[in-house]
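Beneath this line is the structure, given in structure tokens, with notes to follow.
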Amino acid sequence: MPITEKKMCSSCGLCSMQIWPAEENISSCVFRNGWLGEREIRLFGRERSLDDPVEMRFGITSERFTAQLKKPLEGSQWSGIITRMAVRAFEENLVEGVVTLRRAPEDHFFSVPVLADSLDEIYRTRGNKPVLSPVLRSLEKAWQRGMKKILVIGAACHIHALRDFQERFDYLKSMEIFTIGIPCVDNVARSKWRWILERMSRSPQTARFMEFMQDFRIHIGHADGSVEKIPFFSLPQELANPAIFPASCMSCFDYLNSLADITVGYIGAELIEGEKMQWVLVRTPAGKRLKELITEELARCPETGEWECGKFVLNASKGIMDNMEQIDREYSKKRKIPVWLGQFMAAMLRLKGPKGIGFAHYSVDYHLIRHYYYVKFRFPELLDTLVPRHVPVILSEYGLPL
Ligand SMILES: Cc1cc2nc3c(=O)[nH]c(=O)nc-3n(C[C@H](O)[C@H](O)[C@H](O)COP(=O)(O)OP(=O)(O)OC[C@H]3O[C@@H](n4cnc5c(N)ncnc54)[C@H](O)[C@@H]3O)c2cc1C
Ligand code: SF4
Ligand code: SF4
């Protein structure tokens, strides 16, 4: 069995479908076909430009801006832009159903794949489920019910597999499929989630929201409304062990979901206390159509922040390389540095470090470097297949070895 089938799987859901031959499903796997490349050409008629530093990081876009819903949607991850677009697409009859996730009854952070086909069902899908999730499993139901227009909301591995599968086989060819992408990184397997949360939070049982924020801290929201803020630098050392993350997510090279019609995240938006500003990247005409459904509901702002973040990335890169190379390294349960010092460092970086699109630039480069060396040291035979062409160009910008 090829190594990709054995060791790399983000449980995207394609292989859980019974109605199509298993070998056809897996032939659309991104861990078999690689990230971007030909798929980007199929969608946009070209690959991202290697001469454009912004496009290399953020992918091909027709428009980018920051925004929040004027009336944020209670219970959504940020202001609820994704859920409102899904609701409006359904109300306008643009789609007959939405392939996405709802919360699992047994755990607030776990997911159940769903084909949402009523307004109530669509509203119920809001909010993050920060675990590997078989979103694509519901394609089966949409096909069996003869749907002709659907919306799929997913991470980059979902959208890659979906686009490939729709093009490669006849089953979904006649379906019009709209896609909304979430940026996605550091996702985890269900079996590891509680273990990780227990090491981050003082009260894992009451946690209801978790996000890696632009102020260099993890924010964990609790059922009583309080928010715990833990500096990245003060996490227990064992959380830096690459082995706690799935090999798939450590080999992921499309953080910003560049094949989605529209990507909706937060990482390139300015973090303003009390606001829920999000970052929107419109990529295709279908994405523009989805955005136009909620234009009147958006409070929009242009992007902010300085692009340059090179010295911060370089500062981090030596540690990343060492961490990826030392495969048998032992990780202690102790914190890297005390919380008070971590808070001080986070405050200094918030003042002097990258912000807005500079923070997005920093975060994309940080993860791209980490993942390049992860694959290089742990799956060298997959480097050529998995790594898209812009990655070595960015490494060479920093003078990092291939
Ligand atoms: C594991 C993970 C990591 C993320 N990392 C980043 C990041 O680093 N930077 C960034 O800008 N944004 C990231 N996001 C996206 C961000 O947290 C928000 O989901 C996004 O900004 C949309 O907010 P919203 O209020 O519009 O979403 P909502 O209206 O609440 O809708 C969220 C939608 O995402 C779907 N969804 C939730 N969990 C998953 C999942 N595991 N897989 C697929 N679909 C899912 C939901 O079913 C729902 O349809 C991440 C999301 C996840 C799940
Ligand atoms: S990632 Fe998806 S397509 Fe690839 S092996 Fe896993 S379930 Fe199948
Ligand atoms: S990090 Fe990448 S591979 Fe993992 S779930 Fe997110 S998009 Fe998929």
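The basis for the numbers below is simple: all heavy atoms, side chains too, and nothing from hydrogens, waters or symmetry mates. Counting convention: from 1, in listed order, for ligands and their atoms alike. In this chain, residues are counted from 1 in sequence order.
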Indicate yes or no: does Asp52 engage Arg57 in a salt bridge with an N to O separation below 4.0 Å.
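No, this pair does not count.
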Atoms of ligand 1 less than 4.0 Å from [X] heavy atoms?
X      : value
Gly265 : 11 (O), 12 (N), 21 (O)
Val135 : 43 (C)
Thr125 : 46 (C), 47 (O), 48 (C), 49 (O)
Thr83  : 28 (P), 29 (O), 31 (O)
His158 : 42 (N), 43 (C)
Arg126 : 30 (O)
Gly80  : 24 (P), 25 (O), 26 (O), 29 (O)
Glu211 : 17 (O)

Metal check, atom 2 (Fe) of ligand 3 vs Cys252 N/O/S, cut-off below 2.8 Å:
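Yes.
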For residues [X] and [Y], is any side-chain donor paired with an opposing acceptor at under 3.5 Å?
X      : Y      : result
Ser118 : Asp120 : no
Thr66  : Glu303 : no
Gln278 : Ser79  : yes
Glu40  : Ser258 : no
Glu270 : Gln214 : no
Arg163 : Ser28  : no
Thr263 : Arg283 : yes
Ser10  : Ser248 : no
Glu24  : Tyr171 : yes

Can [X] be said to touch ligand 1, with heavy atoms closer than 4.0 Å?
X      : result
Lys276 : no
Val131 : yes
Tyr266 : yes
Tyr255 : yes

[atom]: which of [options] has the nearest heavy atom?
atom                    : options                       : answer
atom 6 (C) of ligand 1  : Ser111, Gly181, Pro183, Ser76 : Pro183
atom 16 (C) of ligand 1 : Asn128, Val99, Ile182         : Asn128
atom 30 (O) of ligand 1 : Gly268, Gly127, Ala360        : Gly127
atom 24 (P) of ligand 1 : Gln278, His367, Arg102        : Gln278
atom 8 (Fe) of ligand 3 : Cys157, Cys249, Gly154        : Cys157

Geometric N/O contact [X] with ligand 1, under 3.5 angstrom:
X      : result
Ile267 : yes
Ile153 : no
Thr100 : yes
Gln77  : yes
Val264 : yes

Identity and separation of the nearest protein heavy atom to [atom]:
atom                    : answer
atom 2 (C) of ligand 1  : Cys184 SG, 4.1 Å
atom 5 (S) of ligand 3  : Asn187 ND2, 3.5 Å
atom 25 (O) of ligand 1 : Trp78 N, 2.7 Å
atom 3 (C) of ligand 1  : Val185 O, 3.7 Å
atom 41 (N) of ligand 1 : Lys129 O, 2.8 Å
atom 6 (Fe) of ligand 3 : Cys184 SG, 2.3 Å
atom 36 (N) of ligand 1 : Leu101 CD1, 4.1 Å

Determine whether the side chain, the backbone, both or neither of [X] has a heavy atom under 4.0 Å from any heavy atom of ligand 1.
X      : answer
Ser133 : side chain
Ser79  : backbone
Ile82  : both
Arg84  : neither

Kindly confirm or rule out a cation-pi arrangement of Arg145 over Trp143, judged by NZ or CZ under 6.0 Å from the six-membered ring centre and within 45° of its axis?
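No, a cation-pi geometry is absent between Arg145 and Trp143.
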Should Gln68 and Arg300 be marked as a side-chain hydrogen bond (donor to acceptor under 3.5 Å, both in side chains) after you check the CA-CA gap, both sets of side-chain angles, and the distance that decides it?
CA-CA 7 Å; Gln68 59 184 328; Arg300 274 177 63 137; over 6 Å; no
Distance under 4.0 Å to a non-hydrogen atom of [X]: what atoms of ligand 2 satisfy this?
X     : answer
Cys29 : 1 (S), 3 (S), 4 (Fe), 5 (S)
Cys9  : 1 (S), 5 (S), 6 (Fe), 7 (S)
Cys15 : 3 (S), 5 (S), 7 (S), 8 (Fe)

Are [X] and [Y] side-chain neighbours, meaning at least one heavy-atom pair lies under 4.5 Å?
X      : Y      : result
Asn33  : Asp164 : yes
Ile230 : Leu235 : yes
Lys333 : Pro236 : no

Is there a side-chain hydrogen bond (donor to acceptor under 3.5 Å, both in side chains) between Tyr373 and Asn323? Walk through the geometry before answering.
CA-CA 9 Å; Tyr373 289 111; Asn323 199 21; over 6 Å; no
Give a yes or no on whether the ring-centroid distance for Trp279 and Tyr266 is below 6.0 angstrom.
no
Phe165 ring center near Trp20 ring center (under 6.0 Å):
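Between Trp20 and Phe165, which both carry aromatic rings, the centre distance is below 6.0 Å.
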List every atom of ligand 3 that sits less than 4.0 Å from any heavy atom of Ala155, numbering the atoms from 1 in the order shown and giving each element.
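Counting from 1, the qualifying ligand atoms are 7 (S).
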Does atom NZ of Lys336 have more than 12 heavy-atom neighbours from other groups under 6.0 Å away?
yes
Quick one: does Ser10 get a heavy atom under 4.0 Å from ligand 2?
yes
Once you measure the plane-to-plane angle for Trp307 and His361, does it fall in the parallel (<30°), tilted (30-60°) or perpendicular (>60°) bin?
parallel
Check the orientation of Phe359 and Phe216. Use parallel for under 30°, tilted for 30 to 60°, and perpendicular for over 60°.
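Perpendicular, since the angle between the ring planes exceeds 60°.
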